[in-house]
There are 2 protein chains.
Amino acid sequence: MSDSDTSNSMPERKRGSGVKVVYDLLRDEILDLVLPPGSPIDEVQLAERFKMSRTPIREALVRLAGEGLIDTLPNRSTMVANIDFLNLHTFFDALVLMYRVTTRLAAQHHRPEDLEVIRARQDEFAAAVRAQDALAMIATNAAFHSAIAEAGRNPYFTGLFNRLLDEGRRILRLYYQSYDDRLPQRFVDEHEDMIAVIAARDAEAADRLARTHAEQIVEQIQKLFARNDRLDLVL
Amino acid sequence: MSDSDTSNSMPERKRGSGVKVVYDLLRDEILDLVLPPGSPIDEVQLAERFKMSRTPIREALVRLAGEGLIDTLPNRSTMVANIDFLNLHTFFDALVLMYRVTTRLAAQHHRPEDLEVIRARQDEFAAAVRAQDALAMIATNAAFHSAIAEAGRNPYFTGLFNRLLDEGRRILRLYYQSYDDRLPQRFVDEHEDMIAVIAARDAEAADRLARTHAEQIVEQIQKLFARNDRLDLVL
DNA sequence: TGTATTTTATTTGTCGACAAAAATTGCAGG
DNA sequence: CCTGCAATTTTTGTCGACAAATAAAATACA
């Protein structure tokens, strides 16, 4: 055996890092649907899984609840937040608007180093499309647009937008785990166009492109829904 | 003596209510600048002030940190979040856009009972203007627009908008506590116009009105800043 | 006197335990 | 067999205590 577990009863974990570990992992598991919507969350189970007290677990849960990723009834069980399919249009409205405004702001306020990051994300997205890896497409697409939003440098918008992208990741994964459609190559091309107009600092064109791009994505999602709604409607 | 403190060592406080009490009060004190930006927050002091353990205090602080009302350095002191005067334009951008979109959605999706609430808020705002109570104006104005946003029924937008209104409350209070300018009667009239176009379900007019209204408020704030900047510039 | 280093004090993160609330089970009576 | 109540188990909110990390103070040394 290696030296990693010889005389080691210390937690080997730095003070204050516990919450972050739990928070990050739970967050990923929720967004990846490893913990599907409605799953009960047991504090003591998590406590023994991470080998720490319930206190840091609880703090992580409070933060997740603050972001709307888990629902917590007082004195009652806490569970992974459900997806409100009945009001999806509010999600789409917000998503399209944030696509537009963040891309527009990126065209206005980006700095040279931002473009490199955006370019890198686009390359990753293109690779995912080539590999026809639907899950990777979802993740890299979100990262691409998040990078654009960061270049816009408005923390209020990036905050909301990242939350929307997270929620979208959950929604898409819900369908792409059974149907591995490949997102069209067109999205890759549109991303290229978006990079071009951002680099050219053309705010109007950026807005226009982002809008049509977002609306196409929304349409794509709605198509998936229409196709699946007659199968597993479990209201 | 009455029977309220005879044989009463019970906390007289319901289980689970502690966090909410602390959260609500701290939140109000932060927004009202009773706790000015940069104030240190001492957990144990709060604990003895509210006569409870540090645990619920901590949970309230985590939630406040999630909303950006306090900043918390790991293993270091936590303090009331500062106002980023250098990037106020990002705040204004977000505020104007949310004014527009929430008012537009209210015109599209409001129900009859929403109008009654909005009307009530507007009356309160008008009363505050008549009384020339600047602090009440700030609060009732925020409540008025928050009610409009609720009528728009998009939780993503209302969430961000309420946060922006909170931040605006802090910013305004910072100046109105020394300068009790009276916000012009024009705002009252514009509010009336907004109610009218919302009731008429005229989304375009609602958008237009909200935009000019918001931009006037921003202008008002910027005037205050220009006037005060040459006095207490403490960079 | 000023600076570096050790010592003390304060504060924060974590823990185990306990008590209240809800969920579950067991039981009695119809 | 079902229904309503009592007892038990499980789960959640709170507490006091302890230890790590940092800040402050004290001391040593140049």
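Residue numbers start from 1 in every chain, and the chains themselves are labelled A, B, ... in the order their sequence lines are given, proteins ahead of strands. The figures that follow rest on heavy atoms only: side chains count, while hydrogens, waters and symmetry mates do not. Given the structure is predicted, the values throughout are model-derived calculations rather than measurements.
- Between A:Tyr99 and A:Phe161, the ring planes lie perpendicular to each other; the angle is over 60°, past the 30° to 60° tilted range.
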Show me the protein contacts with nucleotides 9-12 of chain D, counting only N or O atoms at under 3.5 Å.
{"residue": "D:dT12", "atom": "O2", "partner": "B:Arg15", "partner atom": "NH2", "Å": "2.0"}

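- Rounded to an integer number of Å, the gap from OH of A:Tyr23 to P of C:dT14 is 16 Å.
- The CG-P distance, from B:Leu46 to C:dT11, rounds to 12 Å in whole Å.
- Regarding B:Leu61, its CG atom lies at a distance of 15 Å from the P atom of C:dT11, rounded to whole Å.
- The backbone N or O of A:Ala143 sits nowhere less than 3.5 Å from a side-chain atom of A:Ser146 that would complete a donor-acceptor pair.
- Among A:Asp166, A:Asp32, A:Asp28, the single residue meeting the salt bridge (charged side-chain N to carboxylate O under 4.0 Å, His left out) criterion with A:Arg173 is A:Asp32.
- Between the side chains of A:Asp114 and A:His109, no donor-acceptor pair of N or O atoms lies under 3.5 Å.
- With rounding to whole Å, A:Glu59 atom CD is found 15 Å from D:dT14 atom P.
- A donor-acceptor distance shorter than 3.5 angstrom exists from the side chain of A:Asn154 to the backbone of B:Thr90, with no hydrogens or angles considered.
- Between A:Lys14 atom NZ and D:dA19 atom C1' the separation is 18 Å, expressed in whole Å.
- B:Met52 places its CE atom 15 Å from the C1' atom of C:dA20, with the value rounded to the nearest Å.
- Here the side chain of B:Asp123 pairs no donor or acceptor atom with the backbone of B:Ala120 at under 3.5 angstrom.
- Atom pair B:Glu48:CD and D:dG16:P shows a separation of 12 Å (rounding to whole Å applied).
- In this structure, NZ of A:Lys51 is placed 14 Å from P of C:dG16, rounded to the nearest angstrom.
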